[in-house]
There are 2 protein chains.
Amino acid sequence: MPGSAPQPVPELPADPDLAEISGAPTKQIPPAAVARLTIYLRALTSLMGDGVERVSSESLAEASGVSSATLRKDLSHVGSYGTRGVGYEVQYLSRHITAALGLTHDWKVAIVGAGNLGKALARYGGFESRGFDVVAIFDADPMVVGNEVGWLRVSHVSDLETVVRRTGANMAVLALPAAVAQDVCDRVIAAGVNSVLSFAPVMLQVPDGVNLRKVDMATELQILAYHAQRAQAPGQTA
Amino acid sequence: MPGSAPQPVPELPADPDLAEISGAPTKQIPPAAVARLTIYLRALTSLMGDGVERVSSESLAEASGVSSATLRKDLSHVGSYGTRGVGYEVQYLSRHITAALGLTHDWKVAIVGAGNLGKALARYGGFESRGFDVVAIFDADPMVVGNEVGWLRVSHVSDLETVVRRTGANMAVLALPAAVAQDVCDRVIAAGVNSVLSFAPVMLQVPDGVNLRKVDMATELQILAYHAQRAQAPGQTA
DNA sequence: TAGATTGTTAATCGATTAACAATC
DNA sequence: TAGATTGTTAATCGATTAACAATC
């Protein structure tokens with residue numbers, strides 16, 4: 001049985017400019033700040049595309065939909081990469097946020113489930129462009145196994161352990177029915193993956209040390225429904 | 001120009017048991033609690049499926065992955081529907097959470113974008129089963145327009161205003177490229193929709209009174225990357 | 001030097017947790 | 001009455017905001 005497989009540790013980049021960050025144990029960044037840093041990164045990438053070289057906290061905050069106070073506070077967790085009276089070098093800041101988020105590592109993603117959602121994810125350009133490499137996709141349906149999806153061929157889920165190890169996948173995305181989610185989740189973890197993103201609408205149990213995030217599309221609509229109902233509530237008579 | 005279209009207000013149900021909640025202006029529920037209430041609802045639905053009639057805060061909390069203190073605090077925002085010393089009636093509690101979240105309303109969803117993601121969403125059973133009715137799906141590609149997706153045919157996005165009004169859609173899901181997201185978002189809002197769920201990786205601007213939520217799959221992986229990198233950081237030498 | 005903008009500090013606000021009185 | 005479990009209160013914790021001293 002494959003209890004504790006060797007977790008493939010991605011190698012660090014040799015860029016000396018980032019050494020003190022990617023190597024050293026930086027302080028913990030608050031969860032809320034981590035989520036927003038990914039948004040700043042997207043805004044910075046967009047600015048780079050427009051050839052912008054410098055940006056103030058005020059305008060980067062506006063582009064990201066937060067207050068400049070929040071932005072500066074968040075950046076302070078990453079380090080001091082701005083210049084007072086001037087602003088931030090777009091490239092320089094972008095590189096440091098990237099490093100702080102661990103995106104210089106070599107992330108290899110296995111997608112389990114080759115239905116519409118799995119295929120959508122496999123072909124989604126946003127992954128590749130942000131340093132995530134989709135290295136495998138699985139399905140349980142023999143009719144689907146062998147099909148081409150993007151650059152890949154669909155493997156049978158019974159080969160999950162073998163293929164995960166061969167490809168060195170270190171992240172898994174679960175795009176499959178709720179009923180089989182826990183079972184598959186256990187298997188990818190046993191195969192050495194310790195970061196899982198699940199789209200299945202169930203509570204998954206994972207051991208300590210495994211990172212699990214969930215996206216539930218029905219939940220999102222339900223939250224919208226709550227706010228919409230409040231907004232247009234006719235009974236505001238009190 | 002279609003500035004302020006008549007927003008279709010979903011009718012209230014005639015269930016007298018829920019009248020005081022669906023009709024009256026209940027207090028605001030904190031955002032964090034709203035998000036979790038949807039999770040409790042899922043757990044309760046699952047319990048009902050198993051024929052369970054009563055549940056304690058302790059076991060419902062466990063099934064939902066939160067502490068019982070958090071659960072009881074969250075439920076207290078909805079009302080007092082438990083019995084001390086006994087627990088909660090599964091059906092009764094479920095109905096009241098449903099009402100508090102506005103899920104007894106008649107929500108009609110238009111999906112814009114019939115690529116893999118749009119198709120995945122249109123066919124996703126979790127919507128129908130939770131009171132969301134997908135009433136239209138759009139695409140800009142003439143090759144895709146007219147195709148069957150689930151029960152629907154794909155409409156051309158140029159007919160967006162017409163079809164949204166005809167179907168009475170009051171929610172929109174954007175499953176389309178970042179480049180066109182803002183434009184389409186403006187149009188669905190102009191057509192009278194005031195709740196939008198976007199999967200496009202861009203910051204969307206919406207007017208006051210419009211509810212916007214975003215799901216960004218690359219962001220989710222980036223957050224996982226941050227935690228994974230910390231967990232296996234080799235440089236914990238300090 | 002004068003103007004601009006960062007990084008940080010302190011104050012406010014909201015969310016979570018623990019404990020327990022109320023009550024079935 | 002004794003045991004169980006809710007609903008609420010008070011304490012803790014974390015996140016956001018505002019203000020400003022540091023400094024380019």
Side-chain angles (χ1 to χ4, degrees), chain A residues 20-21 26-40 43-44 47 52-94 96-97 100 223 226-227 230, chain B residues 20-21 26-40 43-44 47 52-94 96-97 100 223 226-227 230:
Chain A
E20 97 261 19
I21 289 212
T26 28
K27 298 151 208 70
Q28 166 101 349
I29 302 176
V34 171
R36 283 189 301 259
L37 284 168
T38 69
I39 298 173
Y40 308 151
L44 288 168
L47 287 172
V52 177
E53 296 190 341
R54 220 176 311 180
V55 69
S56 68
S57 64
E58 194 61 57
S59 59
L60 182 56
E62 199 196 335
S64 307
V66 301
S67 75
S68 70
T70 298
L71 179 116
R72 288 199 302 276
K73 183 92 214 198
D74 289 346
L75 293 185
S76 77
H77 294 111
V78 175
S80 302
Y81 299 114
T83 309
R84 290 169 200 232
V86 176
Y88 303 88
E89 290 280 335
V90 172
Q91 289 229 5
Y92 185 71
L93 181 59
S94 171
H96 281 282
I97 296 178
I223 295 172
Y226 171 73
H227 293 291
R230 298 226 104 232
Chain B
E20 97 265 17
I21 289 212
T26 28
K27 298 153 208 65
Q28 166 100 349
I29 303 175
V34 171
R36 284 188 301 258
L37 283 168
T38 70
I39 298 172
Y40 307 151
L44 288 168
L47 288 173
V52 177
E53 296 190 343
R54 222 177 307 181
V55 70
S56 69
S57 64
E58 195 59 58
S59 61
L60 183 55
E62 199 197 333
S64 307
V66 302
S67 74
S68 70
T70 298
L71 178 115
R72 288 198 303 275
K73 182 92 215 198
D74 289 345
L75 292 185
S76 77
H77 294 112
V78 175
S80 303
Y81 299 115
T83 307
R84 288 168 201 234
V86 177
Y88 303 89
E89 290 281 335
V90 172
Q91 287 228 8
Y92 186 70
L93 181 59
S94 171
H96 280 283
I97 296 178
I223 295 172
Y226 170 73
H227 293 291
R230 297 226 104 229

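Throughout, protein chains are lettered first and strands after them, A, B, ... in sequence-line order, and every chain is numbered starting at 1.
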*Classify the nucleic acid contact of A:Arg36 as base, sugar-phosphate or nothing, counting any heavy atom under 4.0 Å across all strands shown.*
sugar-phosphate

Pairs: protein N or O with nucleotides 1-7 of chain D N or O, under 3.5 Å:
{"from": "D:dT5", "atom 1": "O4'", "to": "B:Gly85", "atom 2": "N", "distance (Å)": "3.0"}
{"from": "D:dT5", "atom 1": "O2", "to": "B:Gly85", "atom 2": "N", "distance (Å)": "3.2"}
{"from": "D:dT6", "atom 1": "OP1", "to": "B:Ser57", "atom 2": "N", "distance (Å)": "2.5"}
{"from": "D:dT6", "atom 1": "OP2", "to": "B:Ser57", "atom 2": "OG", "distance (Å)": "2.4"}
{"from": "D:dT6", "atom 1": "O2", "to": "B:Arg84", "atom 2": "NH1", "distance (Å)": "3.3"}
{"from": "D:dG7", "atom 1": "OP1", "to": "B:Tyr81", "atom 2": "N", "distance (Å)": "3.4"}
{"from": "D:dG7", "atom 1": "OP1", "to": "B:Gly82", "atom 2": "N", "distance (Å)": "2.9"}
{"from": "D:dG7", "atom 1": "OP1", "to": "B:Gly82", "atom 2": "O", "distance (Å)": "3.3"}
{"from": "D:dG7", "atom 1": "OP2", "to": "B:Tyr88", "atom 2": "OH", "distance (Å)": "2.8"}
{"from": "D:dG7", "atom 1": "O4'", "to": "B:Arg84", "atom 2": "NH2", "distance (Å)": "3.1"}
{"from": "D:dG7", "atom 1": "N7", "to": "B:Arg72", "atom 2": "NE", "distance (Å)": "2.9"}
{"from": "D:dG7", "atom 1": "O6", "to": "B:Arg72", "atom 2": "NE", "distance (Å)": "3.2"}
{"from": "D:dG7", "atom 1": "O6", "to": "B:Arg72", "atom 2": "NH2", "distance (Å)": "3.0"}

*Is the shortest heavy-atom distance from the side chain of A:His77 to the side chain of A:Lys27 under 4.5 Å?*
no

_Selected nucleotide, minimal atom distance to B:Lys73 side chain, candidates C:dA15, C:dT16, D:dA15_ = C:dT16

*Once Watson-Crick and G-U wobble pairs under 3.5 Å are found, how is DNA chain D written in dot-bracket notation, 5' to 3', with | for any base paired to another strand?*
..||||||||||||||||||||||

_Quick one: does any side-chain atom of B:Ser64 pair with a main-chain N or O of B:Leu60 as donor and acceptor, under 3.5 Å?_
yes

*Roughly how far, to the nearest 0.5 Å, is the CD atom of A:Glu53 from the CG atom of A:Leu47?*
11.5 Å

*Hey, does the side chain of A:Thr83 reach the backbone of A:Val86 with a donor-acceptor pair shorter than 3.5 angstrom?*
no

*Return the value, rounded to whole Å, for the distance between atom CD of A:Glu89 and atom P of D:dC24.*
15 Å

*Nearest to the side chain of A:Thr70, which nucleotide is it out of D:dA15, C:dT16, D:dT16?*
D:dT16

*asked:* Tell me if the aromatic rings of A:Tyr81 and A:Tyr92 count as close, with their centers under 6.0 Å from one another.
replied: yes

*Could you state the NZ-P distance from B:Lys27 to C:dG14, rounded to the nearest angstrom?*
17 Å

*asked:* Between B:Tyr226 and A:Ile29 (side chain of the first, backbone of the second, donor and acceptor by atom type, cut-off under 3.5 Å), is there such a pair?
replied: yes

*Compare all side-chain heavy atoms of B:Val90 with those of B:Arg54 and state whether any distance is below 4.5 angstrom.*
no

*Heavy-atom distance under 4.5 Å between the side chains of B:Leu75 and B:Leu93, does that happen here?*
yes

*Nucleotide C:dT9, atom P - distance to NE2 of A:His77 in whole Å*: 12 Å

